[in-house]
Amino acid sequence: QVVRKTAVAPAAQPSLPEGAALRDLVRKNFYLRATVNKSSCYVGEPVEAVFSLYSSLEAKSSIVKYPGFYGFSIVDMITVNDHFEKNVEIDGKPFTVHTLRKVQLFPLQAGNFTIDAMEMKGEIRFLPEGVSPANNQDIAEGMLGDPNHFDPAEGGKIEEVSLRSDPIAIKVLPLPANGKSVNFEGAVGQFLLNAAISADTLNRNEQGSLLLTCSGKGNFTQLNAPDIQWPEGIEGFTPVVNDAFDKNSFPLSGNRTFRYAFVGARPGDYTLPPVLFSFFDPASGTYKTVQSPPVRLTISATEKKAAALNKSEENLTSKGERKARIGLLIVISLVVSGLIFYATRRKKTESVTELPVRPAYTTVQELVSSLYSTPGVNDANLQAAAYRALSQYLRERLPGLATSYTGEQLSVLLKEKGVETSVADELGHLTHVLELLVYAGISDTKALENLPEKLTQLLQAADTVLLKH
């Protein structure tokens, strides 16, 4: 449970009214507000949403329900754990504004969507006139525990309140059809593309790397790996993705790098052609295309040899020395084995404490390997395989998870385990989408785009935390 304590600007609490007057006093001095920077946007164009608690009273409160962001990909900018707050003056009265959550939302498809309400429960303490309050405000994530409470022994009158932000409607417009390039795959923002290789001269069958870096600002989390037109004689492989983002910037800025491993089997000089990358720029309302520079490469006629082959040149002396060492190790192991056997016989009635064995997990790559052999997002086998892979992953990593759970409950549990909020929310949303598909036949095609890559990246990100426990 995360608890935040904040001292507000000193202010005398008002004398305590009764009934409707008290409720009106609380409503004006303790409230939850949700705001967005725009109510209409294009698919892929980010919307900034902020959930803030305004208070001029001594209060303890708990977040009991986080908003759902269905239809959006999420990047967190501020969470309650960041303790972000500021003192402001409203109508001459000092308030503390707590930013509980600030996110960038990237719409996944066109349509009318609603950002759900955030809900809180709280207690406000009113002290007798003339008694100065502590002016403290505690905020906790009380979704799975008891709300934040005052100690009755401290005195004062306690008023319980429930807060709820207003739901917010967002209209997501489809991207224009005119001017769309054949290379366009959903990138929205402003981007540049650069290419480089690990070495411009390689031996035959020696592995090299092509680094394709997309930099700028926009919906990075939805960018796919560009197709590379490998020259004949060069074999390329599925890229590894590395991200470096400034999550506090709006729109999201930074770079996404695709590292393509490759080998050359035929000696010669090669040119890797420019890679075209198209995106929609919402600032200008137009499609744009950038390209990487061509990359030149030489494959020499020298064969890449395995390091193990060099060991064949060992001389007879070293081989003899190695045999002698092996013989000595055998003798030592026999002596130790005898001692262990003797000690075991003498103490066979004593209890033996076994070291805990770490459970064997199926790796993410093993879980998702079958997803890459199916034809597309509309293939029923792909969708069913993705649901099975996700279910097996959750069973193995979260053995205490209930057999029946919602996407939102999963998201909450993953955050408790320390998984990054954006990853937890996207896994919760993907679970919800796949369950609707498998059990109700309701398909969200846009949310299932690039399903193998999306699921792989989310599970790998979750593993960086879950496998530490």
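Position 1 is the first residue of the sequence, and the numbers go up from there.
Tested against Cys41, the residues Val47, Leu105, Val188 include a single side chain to side chain contact (heavy atoms under 4.5 Å, CB included) partner, Val47. Here the rule is salt bridge (charged side-chain N to carboxylate O under 4.0 Å, His left out) with Asp76, and of Lys415, Arg101, Lys102 only Arg101 fits it.
Taking the six-membered ring for Trp and the full ring otherwise, the centers of Phe184 and Tyr287 sit less than 6.0 Å from each other. Separation of the Tyr66 and Phe51 ring centroids does not fall under the 6.0 Å cut-off. Ring-centre distance between His429 and Tyr70: below the 6.0 Å cut-off.
Using a 30° and 60° split on the angle between ring planes, Phe245 and Phe220 fall in the tilted class, from 30° to 60°. Between Phe191 and Phe277, the ring planes are perpendicular. Angles over 60° get that label, and only those under 30° would be called parallel. Classified by interplanar angle (parallel below 30°, tilted 30° to 60°, perpendicular above 60°), the ring pair Phe280/Tyr42 is perpendicular.
Note: Ile170 CD1 to Thr114 OG1 = 8.5 Å, rounded to the nearest 0.5 Å. Between the CG atom in Asp166 and the CZ atom in Arg164 there is a gap of 8.0 Å [rounded to 0.5 Å]. A distance of 11.5 Å separates CG of Leu458 from CG of Asp463, quoted to the nearest 0.5 Å. Within the model, atoms OG1 of Thr363 and CG of Leu459 stand 10.5 Å from one another, a figure rounded to the nearest 0.5 Å. In this structure, the separation between CG on Leu192 and CD on Gln291 is 12.5 Å, given to the nearest 0.5 Å. Separating the OG atom in Ser253 from the CG atom in Asn248 is a distance of 9.5 Å, to the nearest 0.5 Å.
Annotation: side chain of Ser209 is not in contact with side chain of Ile197 (no heavy-atom distance under 4.5 Å). Taking 4.5 Å as the limit, every side-chain heavy atom of Ile168 sits out of range of all side-chain heavy atoms of Ser39. Contact check for Leu467 versus Arg397: side-chain heavy atoms found under the 4.5 Å cut-off. Put simply, the side chain of Asp200 does not reach to within 4.5 Å of the side chain of Arg296, judged on heavy atoms. A 4.5 Å side-chain heavy-atom check between Pro67 and Ser165 finds every atom pair outside the cut-off. The shortest distance between side-chain heavy atoms of Thr96 and Ser55 does not fall below 4.5 Å. Counting heavy atoms from C-beta outward, Asp246 and Leu252 have side chains that stay 4.5 Å or more apart. In this structure, the side chains of Ile234 and Pro231 come closer than 4.5 Å at one or more pairs of heavy atoms.
Using a distance-only test at 3.5 Å, with no hydrogens or angles considered, a donor-acceptor pair links the side chain of Thr431 to the main chain of Leu427. Side chain of Ser62 to backbone of Val64: no donor-acceptor contact under 3.5 angstrom is found. Remark: the backbone N or O of Thr99 is not paired with any side-chain donor or acceptor of Glu85 at under 3.5 angstrom. Of the possible donor and acceptor atoms, one in the side chain of Ser391 sits under 3.5 Å from a partner among the backbone N and O of Tyr387. With Asp82 contributing its side chain and Thr79 its backbone, the two residues share a donor-acceptor pair below 3.5 Å. Checked by atom type and distance alone, the side chain of Thr271 never pairs as donor or acceptor with a backbone atom of Pro273 at under 3.5 Å. Counting only distance, with no hydrogens or angles, the side chain of Glu426 and the backbone of Phe72 share no donor-acceptor pair below 3.5 Å.
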Between Asn255 and Thr213, does the side chain to side chain donor-acceptor pair (under 3.5 Å) criterion hold? Intermediate values first, please. CA-CA 7 Å; Asn255 62 72; Thr213 301; 5.7 Å; no

Trace of the side chain to side chain contact (heavy atoms under 4.5 Å, CB included) decision for Val161 with Ile124: CA-CA 8 Å; Val161 295; Ile124 298 173; 4.2 Å; yes

Steps toward side chain to side chain donor-acceptor pair (under 3.5 Å) verdict (Ser73, Gln222): CA-CA 8 Å; Ser73 174; Gln222 296 168 266; 5.1 Å; no

For Ser162 and Glu119, run side chain to side chain donor-acceptor pair (under 3.5 Å): C-alpha distance rounded to whole Å, both residues' side-chain angles, the deciding distance at 0.1 Å, then the answer. CA-CA 7 Å; Ser162 295; Glu119 297 179 9; over 6 Å; no

Test side chain to side chain contact (heavy atoms under 4.5 Å, CB included) on Val290 and Phe279; report intermediate values, then the result. CA-CA 9 Å; Val290 294; Phe279 58 91; 4.0 Å; yes

Does Leu398 form a side chain to side chain contact (heavy atoms under 4.5 Å, CB included) with Lys417? I'd like the steps, not just the answer. CA-CA 10 Å; Leu398 302 171; Lys417 296 289 186 182; 4.0 Å; yes

Do Val97 and Leu53 pass the side chain to side chain contact (heavy atoms under 4.5 Å, CB included) test, and can you show the C-alpha distance, the side-chain angles, and the key distance before you say yes or no? CA-CA 6 Å; Val97 181; Leu53 175 65; over 6 Å; no

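Atom CD of Gln392 has more than 12 heavy atoms from other residues, nucleotides or ligands within 6.0 Å. When the shell of 6.0 Å around NZ of Lys171 is examined, it contains 12 or fewer heavy atoms from other residues, nucleotides or ligands.
Side-chain atoms of Asp425 and Ser411 form a donor-acceptor pair, as typed in the model, at a separation below 3.5 Å. Using modelled atom types and a 3.5 Å distance limit, the side chains of Thr286 and Ser284 yield a donor-acceptor pair.
Of all heavy-atom pairs spanning Ala195 and Leu210, the tightest one is CB-CD1, 4.4 Å. Nearest heavy atom pair, residue Ala110 against residue Pro174, reads CB-N, 3.7 Å. Counting all heavy atoms, side chain and backbone alike, Ile115 lies closest to Ala49 at CD1-CB, 4.3 Å. Looking at every heavy atom in both residues, Leu202 comes nearest to Gly208 through CD1-CA, 3.7 Å. The minimum heavy-atom distance linking Pro46 with Pro251 is given by the pair CG-CB, 3.8 Å. Residues Phe95 and Ser56 approach most closely at CD2-N, 3.8 Å, considering heavy atoms.
No salt bridge links Lys217 with Asp281; every basic N to acidic carboxylate O contact stays at or beyond 4.0 Å. By the 4.0 Å N-to-carboxylate-O rule, Lys60 lies too far from Glu123 to be salt-bridged with it. Salt bridge annotation for Lys38-Glu45: present, with a cationic side-chain nitrogen under 4.0 angstrom from a carboxylate oxygen.
In this structure, Arg33 satisfies the cation-pi test against Tyr54, with its NZ or CZ atom closer than 6.0 Å to the six-membered ring centre and inside 45 degrees of the ring normal.
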